[in-house]
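Report on the structure given below.
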Amino acid sequence: MAGIRDFEVMRSFIRMCNDGWQQGWHERNGGNLTYRLRDSEIAQFEPFFRRDRGWVPMGVTAENLSGAYFIATGSGKFLRNADIAPEDNLCIVEINKAADAWRILWGLEQGGRPTSELPTHFLNHSVRTAATKGQSRVIYHAHTPAVIALTYILPLSARDFTRALWQSATECPVVFPQGVGVVDWMVPGGTEIAKASAELMKLYDAVIWAHHGIFCAGPDFDLSFGLMHTIEKAADIYLRILGSGQRIRQTISDGNLRDLAAAFGITLNEEFLD
Ligand code: 2HA
Ligand code: ZN
């Protein structure tokens, strides 16, 4: 019989856990990842599924994810261990028809549950799936140090963060032309922060959690990891500028941003331009 790693989507999921770990974003059990499976991928995994584990209510519901299947990291599991023992650290969950509960079909063989941030992943998948007509498949949460540091310095607004990041590296406006959302500090792991995040995910494919990290969405692993990486790198550059002790002599102007948008054929969020 085939092994779970024989499937491209599982290898890519594990690789992304590793990539984030190597970036320094996943201390201990920090961060989590979910992927909404395609029908063809579900069919491939079918021989691995067991349907003897019960349904667990989620506390949130999202009609458009009725019957969906996700690969998810496990609650309390370390992303650095995904590659060593995927069957103990990851799981595949099915969502019930009422779209308010999950059950584990594969994985977490030593026990456990999907990520503690499942409510946020689930509602974010719902709004991104709707916003992208089904293209969005990945939700990724990481504890990115430069962005976290910036949440102590900048006002916690989408405008302040988007402008600082856009101005910190020329590729940023091209990579996230809508900008980034910001959620004030809230208790993680629950349904309140999930709802606040999902409201912002209607507008943005990246949402910063103050003093905590980032959530990114994307159609595949490369683009969602790349979005996280680009935002974090820009934040790191911004911090270096602030930490240099020098005054800012020049930056990417709003005129430059408009020229960039025209050259690359992208539409920048006008709300964040002067
Ligand atoms: O998985 O990152 O936000 C641990 C966390 C919670
Ligand atoms: Zn976290």
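Along the sequence shown, residues carry numbers from 1. First listed ligand is number 1; within each ligand, the first listed atom is number 1. Small disclaimer: the values here were computed from a predicted structure and weren't measured.
Although no hydrogens or angles enter the test, the distance criterion places no donor-acceptor pair under 3.5 Å between the side chain of Arg103 and the main chain of Ile95. Remark: side-chain polar atoms of Ser136 are not paired, donor with acceptor, to backbone N or O of Thr129 under 3.5 angstrom.
With rounding to the nearest 0.5 Å, the separation of CZ in Arg113 from OG in Ser75 is 7.0 Å.
Between His121 and His141, the ring center distance fails the sub-6.0 Å criterion. Trp25 has its ring centre less than 6.0 Å from the ring centre of Phe225. If you look at Phe215 and Tyr140, their ring centroids are not closer than 6.0 Å. Aromatic rings from Phe45 and Tyr69 are positioned such that their centres are separated by 6.0 Å or more.
In this structure, atom 6 (C) of ligand 1 lies nearest to the protein heavy atom Glu117 OE2, 3.1 Å. Here the heavy atom of the protein found nearest to atom 4 (C) of ligand 1 is Asn29 O, 3.2 Å.
When only interatomic distances are considered, the shortest N/O to N/O separation between Pro188 and ligand 1 does not fall below 3.5 Å. Taking any N or O of His141, backbone or side chain, at least one lies under 3.5 Å from an N or O belonging to ligand 1. By the 3.5 Å distance cut-off applied to N or O atoms, Trp209 is not counted among the residues near ligand 1.
The side-chain contact (heavy atoms from CB on, under 4.5 Å) test with Phe78 is passed by exactly one of Glu27, His26, Arg28: Arg28.
Between His143 and His212, the ring planes are perpendicular. Angles over 60° get that label, and only those under 30° would be called parallel.
Take a cut-off of 2.8 Å around the Zn ion (ligand 2): the protein N, O or S atoms inside it are His141 NE2, His143 NE2, His212 NE2.
Using a 4.5 Å heavy-atom cutoff, the side chains of Val174 and Leu260 are in contact.
Listed by atom number, the atoms of ligand 1 under 4.0 Å from Gly31 heavy atoms are 1 (O), 2 (O), 4 (C), 5 (C). Counting the atoms of ligand 1 from 1 in the order shown, those under 4.0 Å from a heavy atom of His212 are 3 (O). For ligand 1, the atoms lying closer than 4.0 Å to a non-hydrogen atom of Asn32 are 1 (O), 2 (O), 4 (C), 5 (C).
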